[in-house]
Every structure is written in C-alpha cells, then in structure tokens.
Amino acid sequence: MNTTYYRLELRRVLRDRASLFFIVGLPGFLYLIFGAQPDYGDEPVRDGNVSMWIMIAMAAYGAVTATTGIGGSAALERMQGWTRQLGLTPLRARDFVAVKAATAVTIAALPIAVVFAIGAATGAKAPIHVWIISAVALVLGAVTFALYGLVFGLAFRSEAAVSAAGGSLVILSFLGNIFVPLVGWQLTLAKFTPLYGYVSLARRALTGGSNVDPETNELIPEPLWQSVVNVGVWTTLLAVAAMYLVQRGRSRQ
C-alpha cells in the first residue's frame, strides 16, 4: 500500500469536520435512543445485556456509514479529475483500492470508539474480552463497506453515488439484523446480505454465535462458518469489482 497517498487521503478526510460530526455523532445518538433504555436494556444476553447487543449494532451502523461514504467519494474525485491525474502516476489499481479501504477503516474506528464510550457510561454490560473482541471485529470488518462505497463511487459518475450507497445501507441494515431481530424467511434472506455476516461476527463474543428470537427472547445457535463465508464472499466480490472499475476508468482516459 502507498503510505504517502494514505496519509494524504486521511488528512483530507479529517479536514471535513462537518462530515466527521455526523459520522461520529449520529450512531451515538441512535444508541442513546434505542440502547440506553433501562426498561429493556438491562435484560440479560448471556454474560451481557440487551444494551450491549444494541450498542454493537449501532457501532456497526456508524462504521459502515463512515466507510461507505468515504468510498463513495470516489465519484466526486472522478468529476474533479483527480482519478485522471492518478492514472498518470505509477499507482496501481490495487494500491488505489487498498488506500481507500485503509482510510475508511481508520475513520470507522472513530464512531466505534464513541459508541462504545457512551455504552460504557450508560449501562451496556459484558465481560472485558467481549468489548475488545467486538471492537476489533467491527474495525476490521468495516473494510468490506469501504469497498462497497468505492464500487458505487466508481460505477456512477455523479454525486448521486454517495446518496445511493448511503440509502441502500438503511435497507441492508434492516435486512442485516441490525435494527430488529429477524426470524423465519426474513432471517434466511438476511444471511445472504453483506451486513449480516459483519454484525454476526461482531456480536459473536456476546451471543456465542446465536441470534435473538424476538418472540421468546431465546438464543438460536448459528454456525460460525455462515458468518465467515458471508464476509469472505462479499469482500472478495467487492474487491474484484472495485479493481475492475478502476482499471476500466483508466482505460477510458
């Protein structure tokens, strides 16, 4: 990975304070509304509680929103001619994709840290290893959605790419078992969506790899391989698509 380009990208993103405010503030606000509720937040989930379960979900939503938005900004860069300039340099397509993904994952750590801090202060409970494992899984897994946003940004030649990528995340969040626990055919469908494996792995240390049945509040066991395959397949597909779109864009210049 080109570290010089990575530093430039990171500095550029950090200068946009208005966007950073929403990237960091919105997921924390959502957690306070849905997770910091004593009437159900203290209900147990194995060695933790429901507030912890919701906190992980809101941190995941904040992370993927941040990474997708940064990846989707590639559409604006194309309009401004930046990708054309990069095409004149020795920077390879895979290095371009790697820098975008690394920058997005770095920024994704910010909303995760804020939501976890708010959760710790408002009643989210779990053993310390659950906090650590969940945070690491959220940060590392966010690379998938940096690629997701990048594909949107490279595939569309307008500012609508960012809006389309962000809007689709809302739908995928419901399908991915983030906002409400799913059952039946909805849960079966969710297992094929990109957010499902990411959130399942992040919650696994808390739930032991189980889903919460919203009707009985019981935990339904789920094999680890389903989440791993979900993340692996989506990450590979999106990485290949992103590199193809970068190369296609350069060949037209």
Side-chain angles (χ1 to χ4, degrees), residues 1 5-35 54-77 96-119 131 134-154 156 159-179 193-199 201-203 231 234-235 238-239 242:
M1 185 180 71
Y5 183 36
Y6 167 72
R7 289 196 299 270
L8 291 172
E9 276 290 292
L10 188 60
R11 190 179 305 169
R12 179 184 63 81
V13 174
L14 292 174
R15 282 201 302 262
D16 189 355
R17 296 183 180 179
S19 296
L20 281 177
F21 175 79
F22 286 101
I23 286 173
V24 174
L26 180 59
F29 178 71
L30 290 174
Y31 168 74
L32 288 174
I33 293 176
F34 298 110
I54 296 174
M55 185 199 75
I56 294 172
M58 293 302 103
Y61 182 71
V64 300
T65 300
T67 53
T68 299
I70 293 170
S73 65
L76 302 180
E77 294 179 358
F96 175 82
V97 172
V99 167
K100 285 290 187 182
T103 304
V105 170
T106 302
I107 298 300
L110 298 178
I112 293 171
V114 169
V115 173
F116 271 50
I118 295 174
W131 291 80
S134 297
V136 171
L138 286 169
V139 172
L140 296 180
V143 67
T144 303
F145 297 92
L147 297 171
Y148 179 81
L150 187 57
V151 167
F152 269 85
L154 294 170
F156 298 97
E159 297 180 8
V162 179
S163 299
S168 65
L169 276 183
V170 177
I171 299 173
L172 290 176
S173 295
F174 279 101
L175 291 176
N177 217 25
I178 283 187
F179 293 135
T193 63
L195 262 170
Y196 181 84
Y198 172 56
V199 177
L201 289 176
R203 284 173 170 157
V231 171
W234 277 107
T235 302
L238 291 168

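Hydrogens, waters and symmetry mates are skipped; everything else that's a heavy atom, side chains included, is used.
For P111 against P27, the heavy-atom pair with the smallest separation is CB-CG, 3.8 Å. Of all heavy-atom pairs between L147 and L238, the closest is CB-CB, 3.7 Å. Considering every non-hydrogen atom in both G197 and V231, the closest pair reads C-CG2, 3.5 Å. In this structure, F116 and A135 approach most closely via the heavy-atom pair CE2-CB, 3.8 Å. Nearest heavy atom pair, residue Y61 against residue V64, reads O-CG2, 3.3 Å. Taking all atoms of both residues into account, the shortest heavy-atom contact from A66 to A108 is CB-CA, 4.4 Å.
Applying the side chain to side chain donor-acceptor pair (under 3.5 Å) rule to T106 yields the partners Y6; only residues at least two apart in sequence or on another chain are considered.
Using a distance-only test at 3.5 Å, with no hydrogens or angles considered, a donor-acceptor pair links the side chain of S134 to the main chain of A202. In terms of modelled atom types and a separation under 3.5 Å, the side chain of Y31 and the main chain of I54 share no donor-acceptor contact.
Annotation: side chain of Y148 is in contact with side chain of L172 (closest heavy-atom distance under 4.5 Å). Between N177 and V199 the shortest side-chain heavy-atom distance does not fall below 4.5 Å. Considering only heavy atoms from C-beta on, V105 stays 4.5 Å or farther from L140 through its side chain. The side-chain heavy atoms of T144 and Y198, taken from C-beta on, include no pair separated by under 4.5 Å.
Note that OG1 of T67 and CD1 of I23 are 9.0 Å apart. Values are rounded to the nearest 0.5 Å. For the atom pair I112 CD1 and M58 CE, the distance stands at 13.0 Å (nearest 0.5 Å). Between atom CH2 of residue W131 and atom CD1 of residue I56 there is a gap of 8.5 Å, rounded to the nearest 0.5 Å. Rounding to the nearest 0.5 angstrom, the gap separating the CD1 atom in I171 from the CG atom in L195 is 12.0 Å.
Results of the side chain to side chain contact (heavy atoms under 4.5 Å, CB included) test with V24 over V114, V115, I107 single out V114 as the only residue that passes.
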message: Go through it in stages, so that I can follow the logic: the residues are F34 and F179, the test is ring-ring contact (aromatic ring centres under 6.0 Å, His included), and I'd like the CA-CA distance, side-chain angles, deciding distance and then a yes or no.
response: CA-CA 9 Å; F34 298 110; F179 293 135; 7.3 Å; no
